[in-house]
Amino acid sequence: MSNWTARDRAEIARRVAQDIPEGWYVNLGIGIPTLVADTVPAGREVIFHAENGLLGVGPAPAPDELDRWLINAGKQHVTLLPGGAFFHHADSFAMIRGRHLDLCVLGAYEVSSGGDLANWARSSTDTAPAVGGAMDLAIGARRVWVAMEHVTRSGVPRLVESCGYPLTSAGRVKRIYTDLAVVDVTPEGFAVRDMVEGMTLADLQDRTEAPLRMAEEA
Amino acid sequence: MSNWTARDRAEIARRVAQDIPEGWYVNLGIGIPTLVADTVPAGREVIFHAENGLLGVGPAPAPDELDRWLINAGKQHVTLLPGGAFFHHADSFAMIRGRHLDLCVLGAYEVSSGGDLANWARSSTDTAPAVGGAMDLAIGARRVWVAMEHVTRSGVPRLVESCGYPLTSAGRVKRIYTDLAVVDVTPEGFAVRDMVEGMTLADLQDRTEAPLRMAEEA
Amino acid sequence: MIDKFVTSVAEALEGVPDAATLLLGGFGAVGQANHLIEGLLETGVANLTIVANNAGYGEVGLARLLKEGRVRKLICSYPRIAGSTIFEELYGAGKLELELVPQGTLAERMRAAGAGIPAFYTPTAAGTQLAADKETRAFDGVPHVMEHALSGDVALVEAWCADRWGNLTYRRAGRNFNPVCATAARLTIAQTQTVAELGEMDPETIVTPGIFVDRVVHLPYGDPQD
Amino acid sequence: MIDKFVTSVAEALEGVPDAATLLLGGFGAVGQANHLIEGLLETGVANLTIVANNAGYGEVGLARLLKEGRVRKLICSYPRIAGSTIFEELYGAGKLELELVPQGTLAERMRAAGAGIPAFYTPTAAGTQLAADKETRAFDGVPHVMEHALSGDVALVEAWCADRWGNLTYRRAGRNFNPVCATAARLTIAQTQTVAELGEMDPETIVTPGIFVDRVVHLPYGDPQD
């Protein structure tokens, strides 16, 4: 019996959203990150970028207001907020690669204590692999955060010494939001900013391959 | 006494315009080339490009219709034809460098029989040199034609074996329109397409440094 | 009088050769020139190299071309999506060559082709298996990959509005790769939902000036379906 | 609430340091952010590196900065124009360093900086004295010059319309280098002739999305004079 309750996906997303200040330009990857858009505190203006050429992405449309010409990079129907803009793919990735995004939040298979990210292929001989914009985002955004489950379904840690899956980018992840904790990637390795209530560092270490320490200021 | 009359600047421009077919996208340099726009035969649609971000440049405005927001690359006030478009400098030079212009017509100090062009600096130690878009145009347009006087004011030939002035581009000029003749640049050197009435090849050779021959089909 | 309009898909596709490299605009179901893409089936061309972000959806457009065996090689960023079963079957059976390119590098390689830039350096994919065979170089101590321009014989794009000079605008997320593809091919063919008289399109708002467009066919088919 | 508007030129220029590299939009007299440029005189900054196509006109804008000795180095394509007497005097007297860059290369170097491309190859200037000291490389047998990204500490741009998110449009030939400069600086400051409420600008026609813009000041000064 544990003394703690893991965050569900929406709660992980909400925890990420808490840390995004007003005015940031943010790209959200597929999966948990996509949920972040819906949990930004009311009244806080955060501008979401979709790599298929949108800035100012709004929430999903009501069913009777669906616009088939408005999709995000996950091919979901979205809305565009007042102040939004359209642009083409080369301009969109100029924004990404050119360090204009304050943040991207990505899903991952694994993150290493050196900030390496593996989120695009499960093996180097993956059948029908797909990379999309993951490598561009993971190298281009000013800050790269990851939102994911702390361990795999079979309990294998995803915060590792060294990634086993093919890399998306090297040394770029700065923070990881999981169902159990928020962990910074520092020059000295993983540093825990906070954990779900009731969780101890020892509990968390049991579920983490690389060494953990508490962050000096969390 | 000569049996021929040199073309004036407007006549050189008109001779160039005769050879521009409908539908071509054309950039005109400063000087005689600029005059080409006014001499395109009526009813023939040629689309003029200005490197400061205009396609569909029209004639100079009537004085009471001057729009101070509409200038060409020579900083002259112009009009924009129906069908024209505005774009920024990087896109404008993408058109140029990316081989999308059918033609640019440039002025020159010298053209060599190998198609080298010198039109931007009078010496390698020119005070306050200026290059503008000349090098981009001279390398990027699908065809580069030159419009200039056949000799300098002091009678020195401008069609030379090898350029003495600093190069703008190497081997890119395909045709030269002068006050005396129209001369192709071929792998075998200069080939005269036509001359002003009364001019002989010997007369023209006297005013040309590099060897001339008649073009096989003019 | 310049008039880039043609009256049929067949006329629009005239001269597209076997073994051509085709650049396809579109992202997801939006902005796909599906009528032109499917028109290729009628012309009989085969052995195509296709450059596109995705590998097609359902059984329309690119998915049909794949299914009918017209494609030799696919250059794309994200072939594996819901509904891309035809791609997965062919690729799994070794009947399709795949060059996987990060999405931003794919866009920039076409942009470079259109802009006369033969090669450029990008930090994307440096140190990953997608750059394993590529030349790399450090700038300010950061590793970068040299990428080459990617040009096409033909680009097939979907526009929202066009005039007889070939000026184009797009609709919302339908812009995506279309303006980039339009700059990067020797022959650019657009299908457009609406048509404007010359001068009706605001010169401030034209996204693809006609200099990049060779042929336009008017196909008012309505909203994309997914 | 995001609001990038500031109420004065002084506020717009706050923090521009000595020895900064400034990217200036504008071509000829059109699209020059002259009020911001002249505002630099009040802030006292000096030792500037200026990236601009021309060296200024008459005695306004950049020409005034030059005259008052605030500029150490000029990176431009076409300094020698009618009315550029101040430039010619300073350059002739050895008081100004000049880096002459072909106009398309100047635009592309800034575009590259804004797009995260540290270097690219261009055929422009290959084999000429402007490429004499530069690395070259052949692609398909054609010589090309390697050019580096050119970024600025600050960009000063002139817009026609802006909203509080910093979305910008330009006016006719006033577009020119402005959108390119806006992408290539750490701090981008715009002066705008008109202002729109958020949502009033058509998202299809915004040229510079606000992501590239940090501060906007409303200066409805009217038509450019030449």
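Side-chain atoms are counted along with the backbone in the values below, which use heavy atoms only and exclude waters and symmetry mates. Computed from a prediction, not measured in an experiment: that's the story for all the values here. First the proteins, then the strands, lettered A, B, ... as listed; each starts at 1.
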Checklist entry - Out of D:P102, D:P179, D:G104, which one racks up the most heavy-atom pairs below 4.5 Å with chain B? => result D:G104
Next on the checklist: Is D:R171 in contact with chain B via its backbone, its side chain, both, or neither, using a 4.5 Å heavy-atom distance?
Outcome noted: both
Next on the checklist: Could you check whether atom NZ of D:K134 has more than 12 heavy atoms from other residues, nucleotides or ligands sitting under 6.0 Å from it?
Outcome noted: yes
Checklist entry - Between D:A107, D:C76, D:G92, which shows the greatest number of heavy-atom pairs under 4.5 Å with chain B? => result D:A107
Next on the checklist: Under 4.5 Å from any heavy atom of chain D, what part of B:I96 do you find: side chain, backbone, both or neither?
Outcome noted: neither
Next on the checklist: Just so I understand: if I count every heavy-atom pair under 4.5 Å between each of D:G127, D:P123, D:G174, D:G31 and chain B, which residue has the most?
Outcome noted: D:P123
Item to check | Per-residue contact mode, B:N72 against chain D (heavy atom under 4.5 angstrom) | outcome: backbone
Checklist entry - Would D:L187 and D:R215 satisfy side-chain contact (heavy atoms from CB on, under 4.5 Å), going step by step from the backbone distance to the final call? => result CA-CA 8 Å; D:L187 173 66; D:R215 300 175 192 164; 4.0 Å; yes
Item to check | chain D contacts, top residue of B:G84, B:A73, B:G53 (heavy-atom pairs, under 4.5 Å) | outcome: B:A73
Checklist entry - Is there a side-chain contact between D:L74 and D:L62 (heavy atoms, below 4.5 Å)? => result yes
Next on the checklist: Which one wins on heavy-atom pair count under 4.5 Å against chain D: B:W69, B:F86, B:F93?
Outcome noted: B:W69
Checklist entry - At a heavy-atom separation under 4.5 Å, does D:V142 approach chain B through its side chain, its backbone, both, or neither? => result neither
Item to check | chain D contacts, top residue of B:D67, B:L70, B:D136, B:D91 (heavy-atom pairs, under 4.5 Å) | outcome: B:D136
Next on the checklist: Less than 4.0 angstrom from a charged side-chain N to a carboxylate O is my criterion; do B:D184 and B:R175 meet it?
Outcome noted: yes
Checklist entry - Looking at D:N178, D:T208, D:T192, which hits side chain to side chain donor-acceptor pair (under 3.5 Å) with D:Y170? => result D:T208
Checklist entry - Checking B:E22 side chain against B:E45 main chain: does a donor-acceptor pair fall under 3.5 Å? => result yes
Next on the checklist: Are there over 12 heavy-atom neighbours, none belonging to B:D64, within less than 6.0 Å of that residue's CG?
Outcome noted: yes
Checklist entry - Is the side chain of B:R99 donor-acceptor paired with the backbone N or O of B:G140 at a distance under 3.5 Å, no angle test? => result yes
Item to check | Interface residue of largest heavy-atom contact number with chain B, from D:T105, D:L130, D:N53, under 4.5 Å | outcome: D:L130
Checklist entry - Relative to chain D, which segment of B:A90 carries a heavy atom at a distance below 4.5 Å: side chain, backbone, both, or neither? => result both
